[in-house]
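Have a look at the structure below before the remarks.
Order of the sequence lines sets the chain letters (A, B, ...), proteins ahead of strands, with each chain counted from 1. Computed from a predicted model, the values in this text were never measured in an experiment.
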There are 2 protein chains.
Amino acid sequence: MRGAETKAEIIAVADRLFYQGGFEHTSFAEIAAAVNIARGNFYYHFKSKDEILAAVIARRMASTTALLESWRREIDSPRARLSAFVNILAANGDKIMRYGCPVGSLATELSKLMHAAREAAVGLFDLFRDFLAEQFAALGCAKAEALALHLLMRSQGVAVLATAYRDPDYVAAEMAAMEDWIDREIARGTAARA
Amino acid sequence: MRGAETKAEIIAVADRLFYQGGFEHTSFAEIAAAVNIARGNFYYHFKSKDEILAAVIARRMASTTALLESWRREIDSPRARLSAFVNILAANGDKIMRYGCPVGSLATELSKLMHAAREAAVGLFDLFRDFLAEQFAALGCAKAEALALHLLMRSQGVAVLATAYRDPDYVAAEMAAMEDWIDREIARGTAARA
DNA sequence: GTCTATATCTCGATAGAC
DNA sequence: GTCTATCGAGATATAGAC
């Protein structure tokens, strides 16, 4: 049963290293060294590097689903749930300024590689998009999915410029602008119903 | 003098391949095959792969500078120059949906790699940022640089989601939203002066 | 289930003939 | 200035002892 723990640890370490260094740049040797196992042992758990990537994406899908579920459960208002999403940019600011967004950077890398796992990676965007659309719909906004995509787009744009310029003040300013935009869209939805 | 042509061709091909497949993923063998020269010949022109990267960035800096200069020269109004920027998303839509934005994806990759050329690559963003700030300032907008960064941010966000979802209609919708946002900001600047 | 040892490939880079 | 030949390092992957 030690095997299951080792496998989970490999996936967790690969998840971190794929994010920090990119999928292709990360080698088995690097993962093995971080997990403290022999390179060869590796293939007892995974047949190929692509299989590890699939496991990493599955892990991210599970952890993201759990995160969004906890927000749905523990945050009362849809408006506050939208803020929880925006606040990711501050909570993970240091990592984002060095490695970008884990979802966006992986999707772009896999697209360039024409990798079969590209669509699976895009599934991570779907989780956030659906969550955001839910909140906009609950707030009475028409075209909730379009608003969700727009907010998702902004988070990606901010992540890219944050990685380029590494300016926390810039990120904070864009977060404030996102909150303003959300409030305006809600007001617009309310006005339309009146 | 054939040497100079070969060197320029290597840089042009490397530029394309770095964009399409990523910097690290692109091998000398791939570039050599595309240029139709022997792998070894390569090192007559460049001492290392990093040197090719530097040349590619320099080439992009030059071509981007030339593009922006032509816009400054040939497009009369600052407002129309902003639209020229937005229209890049449509003009390069197919490539962006497959490979992302050449500027943003390179900057993010080099950041993950902790590559020395990262800052040079960010210089490409500076060119666009300065161009956009110029136009907003000419239109009488306060905080022209912040507006420029915001528009740049949106172009990056749209590029990432375009690569993920590959939906031209989504890109078109965000382009229209960018145009609306520009007009609102200009109106705000005009109102502030009145 | 974990290890060592190794096979095989491709990479970036070098040496030297022409 | 372009070529062939080749190096050493590091990659993915396999075989087999324990």
Side-chain angles (χ1 to χ4, degrees), chain A residues 1-57 59 106 109-110 112-118 121, chain B residues 1-59 106 109-110 112-118 120-121:
Chain A
M1 255 301 126
R2 172 85 181 95
E5 291 171 34
T6 301
K7 183 165 184 171
E9 200 181 350
I10 290 173
I11 297 171
V13 167
D15 190 347
R16 179 172 57 83
L17 294 178
F18 285 176
Y19 172 42
Q20 294 177 349
F23 167 65
E24 188 153 52
H25 174 258
T26 302
S27 66
F28 283 9
E30 199 180 349
I31 301 173
V35 179
N36 234 333
I37 59 168
R39 270 178 303 259
N41 183 10
F42 223 99
Y43 288 85
Y44 171 77
H45 301 284
F46 301 97
K47 283 199 294 281
S48 70
K49 196 178 180 184
D50 286 352
E51 210 170 83
I52 299 178
L53 175 61
V56 165
I57 293 174
R59 179 189 143 95
L106 180 63
E109 181 182 2
L110 295 184
K112 279 180 194 281
L113 298 178
M114 290 184 283
H115 196 288
R118 188 193 77 89
Chain B
M1 254 298 126
R2 173 83 181 96
E5 291 171 36
T6 301
K7 184 166 185 171
E9 199 180 351
I10 289 173
I11 298 171
V13 167
D15 190 348
R16 179 172 57 83
L17 294 178
F18 285 177
Y19 171 42
Q20 294 177 347
F23 167 65
E24 189 154 50
H25 174 257
T26 302
S27 67
F28 284 10
E30 199 180 349
I31 301 173
V35 179
N36 234 332
I37 60 169
R39 271 177 300 271
N41 182 12
F42 224 97
Y43 288 85
Y44 171 80
H45 301 283
F46 300 96
K47 283 200 293 283
S48 69
K49 195 179 179 182
D50 286 352
E51 210 169 84
I52 300 178
L53 175 61
V56 166
I57 293 174
R59 179 188 143 95
L106 181 63
E109 181 181 3
L110 295 182
K112 281 181 195 279
L113 298 178
M114 291 184 283
H115 197 288
R118 187 193 77 88

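The shortest distance between the side-chain N/O atoms of B:Thr6 and the OP1/OP2 oxygens of D:dT2 is below 4.0 Å. At least one side-chain nitrogen or oxygen of A:His45 sits closer than 4.0 Å to the OP1 or OP2 atom of C:dT2. Contact between the side-chain N/O atoms of B:Asn41 and the OP1/OP2 oxygens of D:dC3 is found at a separation under 4.0 Å. Put simply, A:Ser27 has no side-chain N or O that comes within less than 4.0 Å of OP1 or OP2 on D:dG10. Between A:Tyr43 and D:dA13 there is a side-chain N or O to OP1 or OP2 distance below 4.0 Å.
Listed nucleotides: D:dC3, C:dG12, D:dT12. Nearest to the side chain of B:Ala38: D:dC3. In this structure, of D:dT12, C:dA13, C:dC11, it is D:dT12 that holds the atom nearest to the side chain of A:Arg39. Closest approach to the B:Lys49 side chain among C:dG12, D:dA11, C:dT2 is made by C:dG12 (side chain taken as heavy atoms from C-beta onward).
Distance B:Asn36 CG to D:dC3 P: 8 Å, rounded to the nearest Å. If you measure from atom NZ of A:Lys7 to atom P of C:dT2, you get 12 Å, rounded to the nearest angstrom. Counting to the nearest Å, the C1' atom of C:dC11 and the CG atom of B:Leu53 are 17 Å from each other. Straight-line distance from the CD atom of B:Glu30 to the C1' atom of C:dG12: 14 Å, rounded to whole Å. One interatomic measurement links the two molecules: OH of A:Tyr44 to P of D:dA17, which rounds to 18 Å at whole-angstrom precision. Look at CD on B:Glu51: it is 15 Å from P on C:dG12, rounded to the nearest Å. In this entry the distance linking CD1 of A:Ile31 with P of C:dT2 reads 16 Å, nearest Å. The separation between A:Phe42 atom CZ and C:dC3 atom P is 12 Å, rounded to whole Å.
Side-chain contact between B:Val56 and B:Leu106 is absent, with no heavy-atom pair separated by less than 4.5 Å. Between A:Phe18 and A:Ile52 the shortest side-chain heavy-atom distance falls below 4.5 Å.
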Result block: side-chain N/O donor-acceptor pairs under 3.5 angstrom for residues 40-49 of chain A, not counting sequence neighbours:
from	atom 1	to	atom 2	distance (Å)
A:Lys47	NZ	A:Glu51	OE2	3.4
A:Ser48	OG	A:Asp50	N	3.4
A:Ser48	OG	A:Glu51	N	3.3
A:Lys49	NZ	A:Phe23	O	3.1
A:Lys49	NZ	A:Glu24	O	3.2
A:Lys49	NZ	A:Thr26	O	2.8

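Interatomic distance, CE of B:Met114 versus CD of A:Gln20, reported as 8.0 Å (0.5 Å rounding).
Within 6.0 Å of CZ on B:Arg39 lie no more than 12 heavy atoms contributed by other residues, nucleotides or ligands.
At a threshold of 4.0 angstrom between heavy atoms, the contacts of B:Phe28 are confined to the sugar-phosphate backbone, with no base atom among them.
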